[in-house]
Amino acid sequence: MARSRAQLALSTRLLNIGLAALCRGGGVDRAELILIDAIRLGLPPDVVTYNTLLAAHCRAAGLDAGLAVVRRMRDAGVSPDAVTYNSLIAGAARRGLTVRALDLFDEMLRSGVAPDSWSYNALMHCLFRSGHPEDAYRVFADMTERGVAPSATTYNTLLDGLFRAGHATNAYRMFRYLQRAGLPVGIVTYNTMINGLCKSGKVGYARIVLRELGRTEHAPNAVTYTTVMKCCFRYGRFDQGLETFLSLLEGGYISDAFPYTTVISALVKKGRMQEANAYCELMIQSGSRLDNACYNTLIHMRCQEGKLDDAFELLNMMEVGGLESDEYTFSILVNGLCKMGQIEAAEKQIWSMEMMGMQSNVVAYNCLIDALCKSHEVDAAIKVLHSMKLRDDFTYTSLVHGLCKVGRYHMASKFLRICLHEGNNVLASAKRAVISGLRSVGFKNDLRKVRSALYMSRLLRS
DNA sequence: TTAGGGTTAG
């Protein structure tokens, strides 16, 4: 008996609910098989069906997998809607593909699909995270001009973006404005504020906001506590940080690997390897999905223990599990190899990183420079420095210290001046080493030049 | 569908 249109629509709705549940549980392949069966039974998939699959594919395999779903939906005569584009833009954002996110937004406008607040939020988020705050502000302006109402997410994204762009004070003012104007301020807003204030060094303000949160109806969650914990570790309140972690653990509030990775890396930094290992076990037992950050934390721990074979075994496990090593992985391995005196192997890691087309990884290079300097191979270190696309304070601190240690004060003063000229800086101890070295050998001309460069850089910074 | 975790210098 033929089914009525209403019956078909109902069946499609049920199908969509089932597919969404499967996709949530990570069963995209199973969802695809069910869709094939449904089509065979004469059940027509609609835009929601495809959007559900698209979001899951995008999350699991990336943007191109999402675009493949768009082609399939077009072939089936189903037109993409705003949700389709929003998922694609979010998929591009997740993998840092800013230009593609912008292209998708343009395509959306060209095809006559009106962007909603989610489209704007996703695009703003992407632009802030990739370091383009000015473009993100323009997107916000465009959104208001087109009469799309900002949502709570919009404000939270703006606050986070202001912090990322280094405008902590403006973020704080905006937060107060949102409160005064009765605009949505929720737990995500509080967490964004506490995190941003901590990271920008405004711990006092972070404390004020945290206390305020305690007086609201919003319950602090695991994100709040992980943020506070990290802040404690950052500012030397180790025991308080550990206590925060233990209260999360004992209360059964941990639902993912974030608190574990935070506490493990703090313990490793302190050299408390036994406890770090114990929490690693707990993290693995908890059944939380282990992502790059987890593996990197574990690899770093093994490196610090001097167990390089175990570290590479973990790298292998990570890759077999479908994860790709990232810039952190490489820096950790290069550092581990250097610290074990295997400089040649470290150089090989850097080459393979370059071969992979990974963007210039300053930290990995810095580790190599530091190791070369510590083994008195300063000329090799200088060569590495020249091959770097980007240099920072760490680069120059290591080199300047290294040059001073071998008594090459003229060269050290030259690199110190280059560093200041580039807008970088070195640790005070490195400056002292150069000045006292130049004094000891009587290089008055260099001493004068360094002092004037230091004076100029202080002026420019203030 | 916005918030939290992972690497380097003294």
Side-chain angles (χ1 to χ4, degrees), chain A residues 55 83 86-87 89-90 93-94 117-122 124-126 128-129 150-161 163 184 186-196 198-199 220-231 233 245 248 254-266 268-269 283 288 290-301 303-304 326-336 338-339 361-371 373-374 392-402 404-405 425-433:
Chain A
V83 177
N86 292 348
S87 295
I89 293 170
R94 253 196 304 277
S117 78
W118 283 29
S119 329
Y120 285 103
N121 294 344
M124 272 169 54
H125 181 231
C126 181
F128 276 129
R129 294 244 161 176
S151 64
T153 303
T154 316
Y155 296 119
N156 294 335
T157 306
L158 271 173
L159 285 175
D160 188 54
F163 279 118
I187 186 64
V188 177
T189 320
Y190 277 98
N191 288 343
T192 305
M193 290 306 299
I194 296 165
N195 181 49
C198 272
K199 288 209 174 122
N221 58 17
V223 177
T224 322
Y225 289 109
T226 309
T227 308
V228 169
M229 197 165 105
K230 172 76 186 152
C231 189
F233 292 139
F245 173 76
L248 269 178
I254 301 183
S255 60
D256 58 24
F258 279 68
Y260 288 110
T261 48
T262 312
V263 79
I264 293 166
S265 50
V268 169
K269 213 165 272 166
M283 178 172 80
S288 302
L290 300 187
D291 60 9
N292 273 46
C294 298
Y295 274 102
N296 289 337
T297 307
L298 297 179
I299 293 172
H300 182 229
M301 187 175 79
C303 285
Q304 294 302 102
D326 58 17
E327 54 178 302
Y328 284 88
T329 324
F330 276 105
S331 307
I332 289 164
L333 289 172
V334 167
N335 188 43
C338 284
K339 292 281 151 49
N361 184 347
V362 195
V363 181
Y365 277 96
N366 286 345
C367 294
L368 180 62
I369 287 188
D370 191 57
C373 286
K374 289 207 167 97
D392 65 9
D393 297 4
F394 285 80
T395 325
Y396 286 106
T397 299
S398 289
L399 184 67
V400 168
H401 262 299
C404 287
K405 219 175 331 177
N425 205 349
V426 294
L427 286 179
S429 59
K431 291 176 194 165
R432 283 196 300 270

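In the text below, chain A, chain B and the rest are named by the order of the sequence lines, each starting its count at 1.
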Sugar-phosphate, base or nothing in reach of A/T153, heavy atoms under 4.0 Å: base
Nearest to side-chain heavy atoms of A/D256, which nucleotide of B/dT8, B/dG10, B/dG4: B/dG4
Sugar-phosphate, base or nothing in reach of A/A90, heavy atoms under 4.0 Å: sugar-phosphate
Sugar-phosphate, base or nothing in reach of A/N195, heavy atoms under 4.0 Å: sugar-phosphate
Sugar-phosphate only, base, or nothing, as touched by A/N221 at under 4.0 Å among non-hydrogen atoms: base
Nearest listed nucleotide, side chain of A/D392, among B/dT7, B/dT2, B/dT8: B/dT8
A/K431 vs B/dA9: side-chain N/O to OP1/OP2 distance below 4.0 Å: no
Phosphate OP1/OP2 of B/dA9 contacted by A/N366 side-chain N/O (<4.0 Å): no
Distance below 4.0 Å between A/K405 side-chain N/O and B/dA9 OP1 or OP2: no
Sugar-phosphate only, base, or nothing, as touched by A/T262 at under 4.0 Å among non-hydrogen atoms: sugar-phosphate
Contact under 4.0 Å: A/K199 side-chain N or O vs B/dG5 OP1/OP2: yes
Donor + acceptor pair across side chains of A/T154, A/T157 (<3.5 Å): no
Side-chain donor or acceptor of A/N335 paired with backbone N/O of A/C338 under 3.5 Å: no
Among B/dT1, B/dT7, B/dA3, the nucleotide that comes nearest once only the side chain of A/S331 is considered: B/dT7
Short side-chain to backbone donor-acceptor contact, A/N195 and A/N191, under 3.5 Å: no
Side-chain donor-acceptor contact under 3.5 Å, A/N361 with A/S331: yes
